[in-house]
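For clarity, every value in this text was computed on a predicted model and none was experimentally measured. One-based numbering, in listed order, for ligands and for the atoms of each.
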Amino acid sequence: MQNFHDKVIYQAYPKSFKDTTGNGIGDLNGVIEKLPYIKDLGADMIWLNPFYKSPQNDNGYDIEDYTSIDPLFGTWDDFDRLVEESDKLEIGLMLDMVLNHTSTEHEWFQKALAGDKKYQDFYILRDAQKDGSLPTNWESKFGGPAWSKFGDTDKYYLHLYDVTQADLNWRNPEVRKELYKVVNFWLEKGVKGFRFDVINVIGKAEELKDAEDGVGKSHYTDTPIVHEYIKELNRETFGRYDDIVTVGEMSSTTVENGIKYSNPDSNELSMIFSFHHLKVDYKDGEKWTTMPFDFIKLKQILDEWQAGMAAGGGWNALFWNNHDQPRANNRFGDVKNYPVKTATMLAQTVHLLRGTPFIYQGEEIGMTNPDYSELNDYKDIETHNAFIELKEAGASDEKALEIIRDKSRDNARTPMQWNESEHAGFTEGEPWLKVADNYKKINTESSKESEKIRSYYKELIRLRKEMAIIQEGNYKAIALDHPSIYAYVREHENQKLLVLNHFYSDEDKITLPDELLEGESSYVIGNRGDRELEKEFVMGPYETAAFLIK
Ligand SMILES: O=P(O)(O)OC[C@H]1O[C@H](O[C@H]2O[C@H](CO)[C@@H](O)[C@H](O)[C@H]2O)[C@H](O)[C@@H](O)[C@@H]1O
């Protein structure tokens, strides 16, 4: 397996990255056009969200044909040129593989609907229970029950996500064989990595039963058989190459499983995304609520995953943002008064941790949530389902919209803000999703604020490549109960890297342990200017600072 500990990965959401045709939808040629931008930032790989043929009910996570390019995004020539151009710039292409489910428009599902028994066994079909209720009481993650009627038969099919995303039956070896063919197809095209969508829910329990909690996660999440499937996937596909980087998106996983998925000895994946740290602003664990984030909980979770994965030889993907998450600047900082400090502090917090940093398009220039005023400005299916459920639960239109503004996945999906021209230079047509109003203030070309943030990211990436302590150092938190500062130490070959991150807009002080003041210290990077290390270290609003101690 390739050493990827010095690498940084950039995520581009093709639909919102750069449109070159004027149809308002970003495309592969747009990605090609912007490869030099990604190179200039210093990223080593680019993860692209799905661009395969799809009805786009879930923005491409509902795949109709795994080995095609949706004409919305371009042609095979465009894809081949993307491989060629990214190769020239030494940027590895990482593709999104959605192997838990297909679109109900997929040929397999259509054949199954037409009565083909072979393809019926590609999906998870069950009869209603004796009392006529659904096969199980599980909930779909996008709201409502996880089962829908299978055509005009008496059976139901399982869909953990949208009703148009039917779960595949991984227990059927034929299904696995077909999916491995898909992965190998893309490997032969020259891709250098994969991000496997919700890969830890592929292994449903053998016997499907009602869940005590009425949700059902424990019946299909991190089941022992998932590890067997991933090992097989590795063996049959990317494991046959020595330079492929893989990351598994793990829904509601545990450190114990995270270690198994990503410890090189398990022969599963290079690393994993876990999401617990992004649920610290969910009231009672419920996403569609609003509440200020719980800082102590955030630190405890980051600490648990850092220390736990290090102890077990696992590897974390480090991130605040992706195409499903509201912008971290809005969640954990003050975008109005401290936009640059907020963005750089958040960046430093994760970039200097143990793991592989992922940068989601636009975070490197300080993009924010769009705060749309109308429900119809939002396009995401999950958002619209949530609005209906919030209303059914008694929320007023205003309250439901307030929650949507905070939590919608579209917060991340607004078009990339390239410049000050109309639609932020994203398209010459009408964008599929409205550009955030602040594009004149935040963009890659004319904004001093954005430029400061981008330079900071470049410096963080450069440091990772230069300093073994960032790539390989151990991790230890200090003063974990401090109410406003997240402080940690990375340690490698008798050196220490102390990283201090202040998450609030006031001033606060941390008392450092004597052992950190004994050696010779030098300032490495921070967002306030050169600082001296002192026992009573005072930090300003959203300040971040790192010191090397020898
Ligand atoms: O919140 P979790 O249960 O921990 O899950 C993590 C994310 O899972 C889902 O995301 C991915 O799969 C979806 C279906 O293919 C797709 O819509 C999404 O874009 C994928 O990234 C879920 O939709 C996310 O909200 C969760 O964050």
Problem - atom 1 (O) of ligand 1: the protein heavy-atom neighbour that sits closest, reported with distance to 0.1 Å - result: K279 NZ, 3.0 Å
Completion exercise
Residue, atom and distance of the protein heavy atom nearest atom 23 (O) of ligand 1 read R409 NH1, 2.9 Å
Handout entry: Enclosure of E286 CD (heavy-atom neighbours >12, cutoff 6.0 Å)
Key = yes
Practice task
Mind running ring-ring contact (aromatic ring centres under 6.0 Å, His included) on Y439 and H423 for me, showing each step along the way?
Solution key: CA-CA 8 Å; Y439 69 92; H423 307 313; 8.0 Å; no
Handout entry: Side-chain (R171) to main-chain (K204) donor-acceptor, under 3.5 angstrom
Key = yes
Handout entry: Option set I63, D58, N200, criterion heavy-atom distance to atom 14 (C) of ligand 1, minimum
Key = D58
Practice task
Would you kindly specify which portion of K407 sits under 4.0 Å from ligand 1, judged on non-hydrogen atoms: side chain, backbone, both or neither?
Solution key: neither
Exercise for the section: Would you mind telling me if ligand 1 is within reach of the side chain of R413, the backbone, both or neither, using heavy atoms under 4.0 Å? Expected result: side chain
Problem - Closest to atom 9 (C) of ligand 1 (judged by heavy-atom distance), picking from V198, L99, V201 - result: V198
Handout entry: K34 charged N/C atom sitting above W418 aromatic ring, 6.0 Å / 45°
Key = yes
Practice task
Could you tell me whether K287 and ligand 1 have an N or O pair separated by under 3.5 Å?
Solution key: no
Completion exercise
Per-atom filter on ligand 1: closer than 4.0 angstrom to a heavy atom of F142 are 17 (O), 23 (O)
Problem - Over all atoms of both residues, closest heavy-atom pair of I461 and H351 - result: CG1-CE1, 4.4 Å
Problem - Per-atom contacts of ligand 1 with H323, taking only distances under 4.0 Å to non-hydrogen atoms - result: 18 (C), 19 (O), 20 (C), 21 (O)
Practice task
Answer yes or no: is there a donor N or O on one side and an acceptor on the other, between the side chain of S86 and the main chain of V83, under 3.5 Å?
Solution key: yes
Practice task
Go through the steps to decide whether T383 and N385 satisfy the test side chain to side chain donor-acceptor pair (under 3.5 Å), and finish with yes or no.
Solution key: CA-CA 5 Å; T383 302; N385 289 346; over 6 Å; no
Problem - For atom 7 (C) of ligand 1, closest protein heavy-atom neighbour - result: E249 OE2, 3.3 Å
Practice task
Would you mind checking which non-hydrogen protein atom is closest to atom 3 (O) of ligand 1, with the distance to 0.1 Å?
Solution key: S251 OG, 2.7 Å
Problem - ligand 1 contact by H159, heavy-atom criterion under 4.0 angstrom - result: no
Practice task
Would you mind checking if E268 and K260 are paired as a salt bridge, meaning a charged N to carboxylate O distance below 4.0 Å?
Solution key: no
Fill in the blank from the handout: the protein heavy atom lying closest to atom 27 (O) of ligand 1 turns out to be Q325 NE2, 3.7 Å
Fill in the blank from the handout: atom 20 (C) of ligand 1 has as its nearest protein heavy atom D197 OD1, 3.1 Å
Handout entry: Under 3.5 Å: donor-acceptor pair, side chain of H384, backbone of Y378
Key = yes
Practice task
Could you tell me whether the side chain of N172 and the main chain of D121 form a donor-acceptor pair under 3.5 Å?
Solution key: yes
Fill in the blank from the handout: Counting from 1 in the order shown, the ligand 1 atoms closer than 4.0 Å to a non-hydrogen atom of H101 are 14 (C), 15 (O)
Fill in the blank from the handout: closest protein heavy atom to atom 21 (O) of ligand 1 is D324 OD2, 2.5 Å
